[in-house]
Colleague: 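This is the structure, below, for whatever I ask next.
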Amino acid sequence: MPYTYNTPDDERSMLQSIGVDSVAELFQFVPEEFRLQRPLDIPSALGELELTQHLSALANRNASAQQKACFLGGGSYDHFVPAVVDALASRGEFYTSYTPYQPEVSQGNLQVMFEYQTLICQLTGMDVSNASLYDGGSAVAEAVLLAMSVTGRNRVVVPASMHPEYRQILETYFACLGAELVTVAAPSGSVSLADIAAAVNAETACVVVQHPNFFGCLEDVQGIAKIAHAAGALLIQSFDPLSLGLLKRPADMDADVAVAEGQCLGTPMLFGGPYLGIMACKEQFVRRMPGRIAGQTVDRRGRRCWVLTMQTREQHIRREKATSNICTNQGLFALRAAIYLSEMGPQGLREVADLCVRKTAYAKQQLTSQPRFVSAFDRPTFKEFVVRDTQGRVAEMLEQAADAGYLAGVPLARWYPEMADCFLVAVTEKRTRQEIDGLVSALSAASKSSAPRPHTSLAQAAWA
Amino acid sequence: MPYTYNTPDDERSMLQSIGVDSVAELFQFVPEEFRLQRPLDIPSALGELELTQHLSALANRNASAQQKACFLGGGSYDHFVPAVVDALASRGEFYTSYTPYQPEVSQGNLQVMFEYQTLICQLTGMDVSNASLYDGGSAVAEAVLLAMSVTGRNRVVVPASMHPEYRQILETYFACLGAELVTVAAPSGSVSLADIAAAVNAETACVVVQHPNFFGCLEDVQGIAKIAHAAGALLIQSFDPLSLGLLKRPADMDADVAVAEGQCLGTPMLFGGPYLGIMACKEQFVRRMPGRIAGQTVDRRGRRCWVLTMQTREQHIRREKATSNICTNQGLFALRAAIYLSEMGPQGLREVADLCVRKTAYAKQQLTSQPRFVSAFDRPTFKEFVVRDTQGRVAEMLEQAADAGYLAGVPLARWYPEMADCFLVAVTEKRTRQEIDGLVSALSAASKSSAPRPHTSLAQAAWA
Amino acid sequence: KSTTLIFELSKKGRRGAHLPACDVGGPSAAELLPAEALAAEPPPLPEVAEPEVVRHFTNLSTLNMSVDTHFYPLGSCTMKYNSKRNERIAGLPGLADLHPYQPESTLQGILQLFHELQQYFGEISGLPAVSLQPAAGAHGELTALMVAAAHFRKLGQKRTKILAPDSAHGTNPASAKMAGFEFVTVKSLPTGNVDMDDLRSKLDDTVAVFMITNPNTLGMFDKTVGEIANLVHSFGGLIYLDGANMNAILGIARPGDFGADMMHYNPHKTFSGPHGGGGPGAGPICVTETLRPYLPCPVVEKTDGQYRLVYDKPDSIGRVRSFFGNVGVLIRAYCYIRTHGPDGLKRVSETAVLNANYLLSKVKHFLPVPQGARCMHEFVASGLTLKKSKGISAMDVAKRLLDYGFHAPTVYFPLTVPEAMMIEPTETESKETLDSFAEVLFRITEESGELLHEAPHTTPISRPDEVRAARQPVIKWTPAAT
Amino acid sequence: KSTTLIFELSKKGRRGAHLPACDVGGPSAAELLPAEALAAEPPPLPEVAEPEVVRHFTNLSTLNMSVDTHFYPLGSCTMKYNSKRNERIAGLPGLADLHPYQPESTLQGILQLFHELQQYFGEISGLPAVSLQPAAGAHGELTALMVAAAHFRKLGQKRTKILAPDSAHGTNPASAKMAGFEFVTVKSLPTGNVDMDDLRSKLDDTVAVFMITNPNTLGMFDKTVGEIANLVHSFGGLIYLDGANMNAILGIARPGDFGADMMHYNPHKTFSGPHGGGGPGAGPICVTETLRPYLPCPVVEKTDGQYRLVYDKPDSIGRVRSFFGNVGVLIRAYCYIRTHGPDGLKRVSETAVLNANYLLSKVKHFLPVPQGARCMHEFVASGLTLKKSKGISAMDVAKRLLDYGFHAPTVYFPLTVPEAMMIEPTETESKETLDSFAEVLFRITEESGELLHEAPHTTPISRPDEVRAARQPVIKWTPAAT
């Protein structure tokens with residue numbers, strides 16, 4: 001019991017103060033029939049040294065992105081995390097505190113929440129932000145619920161180019177709510193305005209568009225927003241925070257609600273979580289927003305300070321009438337995002353975005369200039385792109401690439417059966433030219449076919 | 001310039017306030033002839049991402065003790081560092097502060113120094129401790145200078161079983177001071193009382209004995225102390241802090257000054273430094289001690305607090321009459337030691353020492369039951385021991401063991417030409433039975449001779 | 001300490017990060033992307049130097065109370081020690097730098113961890129089928145209710161209602177609504193136990209689930225839970241166990257053994273995941289074998305010695321979160337369970353309950369505890385007498401505690417106790433701390449109302465004007481607002 | 001915040017760490033070791049639980065001012081920002097978990113780093129031969145003086161004296177003594193520059209080394225350094241440059257170019273190694289080619305593409321420290337140099353000097369700065385007028401600054417300036433911070449003596465009784481002393 005204090009003496013005197021003879025007596029209200037009469041069947045205790053050795057052994061059975069060059073994307077990315085983020089977020093006063101119920105002794109967390117909200121507004125151009133949600137996927141679901149609540153409508157239009165797992169979450173939520181999810185195909189890598197227009201009707205609560213989308217391609221958000229708004233529906237954009245170093249902001253494209261996966265803002269990949277769900281919206285929807293919100297006020301001495309506010313939206317007060325059941329936020333990751341954005345600043349953010357775009361373009365060009373591979377879509381891409389393996393051996397090839405030191409791509413078969421010969425390649429600012437060239441070699445070398453296609457000579461000189 | 005603030009506007013207005021036109025003008029007092037007329041010939045600046053990649057690449061060209069099982073000792077050991085040590089010592093308020101010249105805003109560091117001093121006294125049984133020195137080696141040198149100063153004598157007796165580098169430091173210091181270093185052989189692995197008695201005379205300032213010594217063997221400190229004291233000399237013991245979980249304390253053996261390398265108390269190996277020089281002594285020598293000392297006092301409101309004290313020993317006041325030129329301490333590592341000792345407590349310390357002794361004995365038994373190896377000395381050992389390779393191929397064998405995943409031992413040839421076929425093996429509490437068995441296999445397998453010796457069958461059953 | 005905002009520290013031209021030059025050459029991003037997609041300027045983020053970032057956030061941190069610095073007896077939140085070893089382990093590159101879509105061959109270590117954790121959670125709860133996916137306790141509730149809904153759909157039963165006592169956490173009703181159910185409140189008794197008569201009167205075959213928190217939010221073990229379960233089951237309904245209070249019964253009683261069909265854990269409470277200033281948590285759920293087919297996917301299975309992520313369960317509700325779940329929190333829970341082992345986990349609950357009862361034995365003499373002389377891991381004192389006699393509210397007491405260096409208990413919850421102060425010491429506090437807390441609490445009850453209404457006096461700020469914050473919301477900084 | 005000692009928190013039977021059972025079986029340690037060597041009991045260390053360890057040291061840390069939290073203009077100590085990236089890098093297992101006696105084949109990365117760092121240090125100083133071994137600035141001084149001694153021994157010259165100005169750091173005379181020399185003080189002028197006449201009068205062929213700090217401890221560049229060097233050299237002596245103030249001249253002037261034969265760096269100052277509450281530092285030295293043979297061993301050399309540790313230099317003084325040196329500090333210095341590059345390092349000094357001159361331009365109006373209107377990277381203000389007019393001492397001002405959230409400057413050094421306040425802002429502070437510091441400093445000079453004599457008022461403690469501490473020393477805790 002490494003974390004407890006009570007010595008036998010302590011225990012004796014405490015039991016005496018309580019007026020019982022044994023600790024067992026304290027459990028008198030637990031009926032005998034419900035008592036577990038045997039020890040739990042779990043392994044026996046490990047000291048710190050053994051625990052560390054055991055977990056290190058488990059960790060060593062995984063191949064981390066520090067060992068293999070990671071070109072995986074699809075919502076989780078191997079971006080660079082500046083050391084300040086780890087150094088500051090690992091302060092005990094941040095990570096061992098809880099929701100700031102007592103503002104007088106929680107101004108650190110509250111100010112961070114307020115700064116985070118402001119940073120997200122600056123990033124997106126939106127009017128207001130909450131203090132975070134679980135992740136990008138549930139943020140989409142919460143945004144859709146908001147739209148349904150605002151419009152009183154039950155039909156939601158989503159392109160197939162949105163993250164398939166985000167769409168699955170919507171399906172799961174909708175199964176209980178009797179809402180209708182309309183998926184619009186995106187055969188060219190992005191959805192067409194015509195297809196969206198055909199899908200949107202007077203029953204549509206919202207259109208959700210991811211830009212850049214799951215395939216890395218850009219979407220015509222403004223065009224889609226016009227269609228949605230014309231039908232009285234909301235436009236929800238799922239965005240990539242780092243893309244906003246270069247791309248127009250959701251507000252500039254008239255999004256009503258902007259949501260995102262915030263992992264790229266200073267959080268490691270962590271095998272998928274915990275991450276950071278970002279949600280910002282137009283002023284008029286603020287009282288429908290789920291999640292905590294920090295607001296500015298003054299204390300009794302008139303000093304500026306911060307508190308949790310608009311709590312009447314929340315379940316601990318409103319119970320079943322709350323905007324959502326969410327009561328935790330991802331405070332620690334909102335903090336990481338706030339530190340990350342402060343460290344990067346506008347120029348740093350632009351530089352990261354620029355590196356992503358250029359390295360991605362280079363990788364796409366190099367890879368698709370190999371006879372074996374073709375680009376699946378002819379669209380501009382941000383930091384990932386879809387490649388078709390003309391030999392159709394994606395799974396095998398990716399395993400071989402992993403052996404060769406490359407986490408080379410995400411196979412699309414699980415979500416898009418029609419794209420079983422395709423994989424998604426992401427290139428962040430961390431990937432070097434050497435790694436990209438190595439990736440191209442490793443993929444080309446993997447389970448090579450005997451009949452090479454003629455080389456499609458693109459202007460390789462441009463990359464010299 | 002990632003760490004500076006001045007914008008061009010700032011710079012302009014600052015120059016204006018100063019009353020000069022350019023920054024260059026501020027260097028007017030540096031004569032033109034001394035100005036460097038070219039850029040420094042060092043590589044150009046790296047951003048954090050590139051720097052991290054570059055240093056990671058360098059780090060990956062080393063084999064760390066996390067990759068290879070480390071059986072190296074000789075004053076630096078792969079002991080377990082509990083996570084609390086790193087977590088607490090990495091708080092900015094500790095590591096980005098400096099010597100507590102302003103006690104009102106340095107009580108954290110001062111109290112830690114006071115606690116460290118007390119912990120070292122508890123550990124050693126000595127009356128007083130300073131707040132740390134550079135490392136175990138220079139601590140020996142400082143202790144010897146103290147003894148020379150106290151006794152007014154210039155002759156120092158040291159067994160060959162003391163760390164050869166510590167003896168080299170003494171030689172270096174003595175070359176300037178005209179002092180005499182007498183080295184007493186220790187052919188059996190420990191020094192004999194008779195040899196010590198023969199070396200000690202009325203000119204002897206002190207005898208320095210390391211216990212457990214460089215070969216891992218125990219010395220008869222009490223016996224040596226009697227000889228030294230009978231001659232009016234001081235007894236300086238260099239000890240292993242972790243050994244005191246089991247062994248008698250320096251004070252119990254009548255040491256006058258106790259010094260140690262404190263790396264084992266919560267500091268990683270760091271390729272040899274920075275480490276922690278521990279020094280404690282009898283009360284009567286306190287005003288001769290080098291290094292900072294924190295003392296208890298009260299503030300104006302009568303509250304207990306701590307300050308730097310006995311500063312008249314120090315060079316910033318006494319200049320050439322100071323006890324030493326040392327003005328930094330190793331505050332951060334004294335802090336680590338204080339955290340480590342608090343986390344371990346008496347029982348934890350005993351358990352660590354017990355594991356070291358038993359695992360070392362097991363390794364010695366296993367290794368020397370191989371036909372190729374014999375134990376160099378027939379003495380009880382604490383956490384390391386010397387092995388003789390009957391095939392005499394130490395360097396070659398250790399390289400091969402490294403390739404096989406074992407940092408197997410320290411070759412002794414550099415310091416002890418007569419022991420060119422010997423190497424020193426250390427076994428800490430971190431080494432598992434599996435690793436020890438693997439070490440034995442790897443060493444046995446390394447560049448095997450064709451003529452095996454008969455198996456010397458020791459009671460292997462005892463280790464079952 | 002300054003409360004200057006990071007935006008107010010910004011000055012045009014300052015910067016922290018510098019990214020490397022592009023090593024692949026080629027056209028600029030502006031040439032690679034269509035002009036209409038590009039913003040003219042990057043977002044107007046603050047421009048600050050790195051030292052300022054460090055100083056700003058470091059100093060902000062020191063304005064918080066936290067478990068690392070203070071006793072934090074926030075009832076229901078289980079603010080126990082967050083072990084540093086777990087933080088270090090969770091940061092190992094082989095655990096932290098993993099992408100969720102890596103080939104399974106490169107993930108055998110972490111999948112083994114999940115597989116074992118599923119077993120541990122199943123064993124501790126007595127409910128063998130486990131999903132690690134939900135991202136928080138409330139998310140786990142929602143997921144479990146969706147599982148229940150799927151179950152009844154499969155059975156062809158139309159059940160529209162969820163019941164829970166009035167003492168339940170607010171997330172219970174909110175989750176019920178999000179899962180598409182109607183929510184009905186059942187009364188509770190002064191002990192926090194369920195009012196069986198009221199329950200009986202509301203039970204019928206339209207009730208899908210009865211949600212119960214046991215130990216309940218008054219810190220009492222509801223002995224009638226078996227009876228309740230039988231009753232609900234007799235109507236074909238399911239029992240959902242809100243696992244917020246599992247810290248009281250680890251290795252002592254298992255929800256699956258006292259009638260629960262479904263439950264969630266709050267690993268950030270029970271298994272010591274750091275609370276992170278409000279999150280992340282995690283909300284793994286455990287259900288009976290009957291309900292296993294409906295769990296979200298993926299789950300981890302082991303076949304032929306290999307660990308696999310299984311996505312294709314035909315009856316699964318689907319997924320409630322992207323990727324696998326809040327893995328970082330789960331790793332810490334795994335470490336916690338392995339650190340304690342079977343004896344240690346039981347000892348955790350015994351100590352948590354001992355500490356709570358000890359504190360209760362000290363406090364009850366000057367602050368009435370309606371639930372009586374015993375509790376599980378927490379208890380709820382009432383400030384009603386104090387309020388009536390001296391006009392001192394539970395909030396006053398809470399605020400004054402801050403002056404003495406203690407975080408306040410949870411106040412005004414549960415709603416069923418007037419002037420409630422819900423105190424949970426946890427097992428990782430010393431008798432000395434509990435003594436000192438009790439002594440201070442007593443001293444506060446003797447202090448003047450005037451002093452207390454104005455409390456706290458020594459904290460970074462005094463009481464904030466919350467009404468103003470809500471009425472004139474300022475929820476982001478703007479240059480004008482300064 | 002509590003200042004309870006860890007010993008006072010101890011209670012028999014509590015513990016933090018639990019070590020694993022012994023996996024090799026066999027006899028106990030007590031059986032393996034001779035009885036007479038064994039202690040009956042382990043040392044009487046405090047017995048505390050891990051959460052207490054965490055809370056204790058965390059709370060202690062918050063009683064410190066530090067660069068991460070406060071402006072820290074401690075003159076001569078160069079309290080600049082300690083970059084977090086360097087901390088992270090220095091902790092990489094491939095750098096931190098290396099044993100000093102590993103085979104060289106397993107150390108090529110770190111040896112390359114040292115080899116490059118030797119070159120950088122040589123290039124920045126203009127003194128090409130480098131030893132990375134000394135553990136601190138003072139240790140570097142001592143080592144260099146030993147090198148000088150070895151040089152003169154080799155030459156067969158008997159030189160017994162070391163000279164340095166009265167404005168020198170106290171370590172200069174102390175190191176001279178430890179290296180076996182007699183120390184002679186040379187006068188300095190009010191500018192801090194060396195009094196040439198006094199120097200001349202003390203120079204002869206028994207002088208081994210003249211030690212000079214340039215920029216000097218008044219923050220001025222001593223223009224006469226060339227003349228001094230010529231003079232000392234003409235007597236066959238050597239010039240030692242105390243490198244404490246290198247932050248002023250990186251890439252601007254090189255000691256080797258203005259006459260130094262030997263110098264040390266303080267990488268914890270100039271190259272931003274964290275000061276660690278008093279240490280560790282490092283004290284690498286650079287010398288001329290002539291003196292290279294005498295440097296301590298090992299040094300890193302590169303032959304046939306392999307990096308090697310060379311131990312066998314016949315004229316080497318030997319070694320001054322075990323193992324290789326304060327490697328962790330050196331790695332951070334390497335990172336710092338690589339982060340800045342040639343332009344950046346020069347810019348560091350330009351900015352440090354700009355910041356110091358700016359602050360000087362603000363301060364001189366109300367606090368006389370005897371050295372005049374210009375400085376290098378620091379300046380020394382004198383509180384003499386204030387002392388005479390209002391009885392306010394430099395110490396009073398220093399203490400009052402703490403109340404305003406600023407660390408104090410160095411006071412009463414150099415000894416040559418009455419009521420000295422030595423202010424070094426460094427390059428990693430903003431104009432806003434300097435403005436605010438100057439404003440507060442001015443405000444303090446306007447405050448009443450009464451207020452200032454009692455300052456500080458808002459710090460964790462008020463002024464301690466240092467006399468009592470020295471006269472009745474209590475330098476460890478004992479149960480009786482409480």
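In what follows, chains carry the letters A, B, and so on, assigned in the order in which the sequence lines appear, proteins first and then strands, with residues in each chain numbered from 1.
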Colleague: Please look at B:Glu171 and chain D and tell me whether the side chain, the backbone, both or neither of the residue comes under 4.5 angstrom of a heavy atom of that chain.
Modeller: neither
Colleague: Is the ring pair D:Tyr101/B:His163 parallel, tilted or perpendicular, if the boundaries are 30 and 60 degrees?
Modeller: tilted
Colleague: Does D:Asp68 have any salt bridge (Lys or Arg N to Asp or Glu O under 4.0 Å) partners at least two apart in sequence or in another chain, and if so, which?
Modeller: D:Lys84
Colleague: Would you compute the distance between atom NZ of D:Lys177 and atom CG of B:Leu145 and round it to the nearest 0.5 angstrom?
Modeller: 8.5 Å
Colleague: I need the D:Leu5 CG to B:Thr118 OG1 distance, nearest 0.5 Å.
Modeller: 7.0 Å
Colleague: Is D:Ala149 in contact with chain B via its backbone, its side chain, both, or neither, using a 4.5 Å heavy-atom distance?
Modeller: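 When you check distances to chain B, only side chain atoms of D:Ala149 fall under 4.5 Å.
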Colleague: State the CG-CE distance between D:Leu98 and B:Met269, to the nearest 0.5 angstrom.
Modeller: 7.0 Å
Colleague: Chain D heavy atoms under 4.5 Å from B:Val410: which part of the residue, side chain, backbone, both or neither?
Modeller: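 B:Val410 touches chain D through side-chain heavy atoms alone.
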Colleague: Does some side-chain heavy atom of B:Trp306 sit less than 4.5 Å from a side-chain heavy atom of D:Ile461?
Modeller: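 Not in contact.
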Colleague: Quiz question: by atom type and distance under 3.5 Å, do the side chains of B:Asp135 and D:Asn326 form a donor-acceptor pair?
Modeller: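 On atom types as modelled, these side chains do not qualify, holding no pair under 3.5 Å.
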Colleague: Need one label for D:Tyr72: side chain, backbone, both or neither, based on atoms under 4.5 Å from any heavy atom in chain B.
Modeller: side chain
Colleague: Going from SG on B:Cys305 to CG on D:Asp465, what distance comes out if it is rounded to the nearest 0.5 angstrom?
Modeller: 8.5 Å
Colleague: Between the main-chain N or O of B:Asp299 and the side-chain N or O of D:Ser462, is there a donor-acceptor pair closer than 3.5 Å?
Modeller: no
Colleague: Hey, could you give me the NE2/CZ distance between B:His54 and D:Arg338, rounded to the nearest 0.5 Å?
Modeller: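 Output value for this atom pair is 4.0 Å.
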Colleague: Taking the six-membered ring for Trp, are B:Phe271 and D:His99 closer than 6.0 Å centroid to centroid?
Modeller: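 Ring-ring flag for B:Phe271/D:His99: false, centres at least 6.0 Å apart.
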Colleague: Does the pair B:Arg249/D:Glu41 count as a salt bridge with the N-to-O cut at 4.0 Å?
Modeller: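 D:Glu41 and B:Arg249: not salt-bridged.
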Colleague: Could you tell me whether D:Asp23 and B:Lys359 make a salt bridge, using a distance below 4.0 angstrom between a side-chain N and a carboxylate O?
Modeller: yes
Colleague: Counting only N and O atoms by type, is there a donor-acceptor contact under 3.5 Å from the side chain of D:Asp97 to the main-chain atoms of B:Ser64?
Modeller: no
Colleague: To the closest 0.5 Å, what do you measure between OG1 (D:Thr62) and CZ (B:Phe94)?
Modeller: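 So the gap between those two atoms works out to 8.5 Å.
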Colleague: Regarding B:Arg91 and the six-membered ring of D:Phe57, is the cationic atom NZ or CZ under 6.0 Å from the ring centre and inside 45° of its axis?
Modeller: no
Colleague: Counting only non-hydrogen atoms closer than 4.5 Å, does D:Met79 touch chain B with its backbone (N, CA, C, O), its side chain (CB onward), both, or neither?
Modeller: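 When you check distances to chain B, only side chain atoms of D:Met79 fall under 4.5 Å.
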Colleague: If you take the centroid of each ring, where Trp contributes its six-membered ring, are B:Tyr3 and D:His340 closer together than 6.0 Å?
Modeller: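 Yes: the rings meet the under 6.0 Å criterion.
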Colleague: Charged N to carboxylate O under 4.0 angstrom, D:Arg15 versus B:Glu351?
Modeller: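 Yes.
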Colleague: Quick one: does B:Asn325's side chain have a donor or acceptor within less than 3.5 Å of a partner on D:Thr171's backbone?
Modeller: no
Colleague: Is it the side chain or the backbone of B:Leu349 that comes within 4.5 Å of chain D heavy atoms, both, or neither?
Modeller: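 When you check distances to chain D, only side chain atoms of B:Leu349 fall under 4.5 Å.
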Colleague: Are D:Arg88 and B:Glu48 close enough, and set up right, to give a salt bridge (charged side-chain N to carboxylate O under 4.0 Å, His left out), and what steps lead you there?
Modeller: CA-CA 11 Å; D:Arg88 179 159 73 178; B:Glu48 182 178 1; 3.5 Å; yes
Colleague: Given a strict heavy-atom distance threshold of 4.5 Å, which part of B:Phe333 is in contact with chain D: side chain, backbone, both, or neither?
Modeller: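 B:Phe333 touches chain D through side-chain heavy atoms alone.
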Colleague: B:Glu261: which residues meet the salt bridge (Lys or Arg N to Asp or Glu O under 4.0 Å) condition with it, sequence neighbours left out?
Modeller: none
Colleague: Return the minimal non-hydrogen interatomic distance between B:Leu177 and D:Ala179, and the atom names on each side.
Modeller: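 Distance-wise, the nearest heavy atoms are CD2-C, 4.5 Å.
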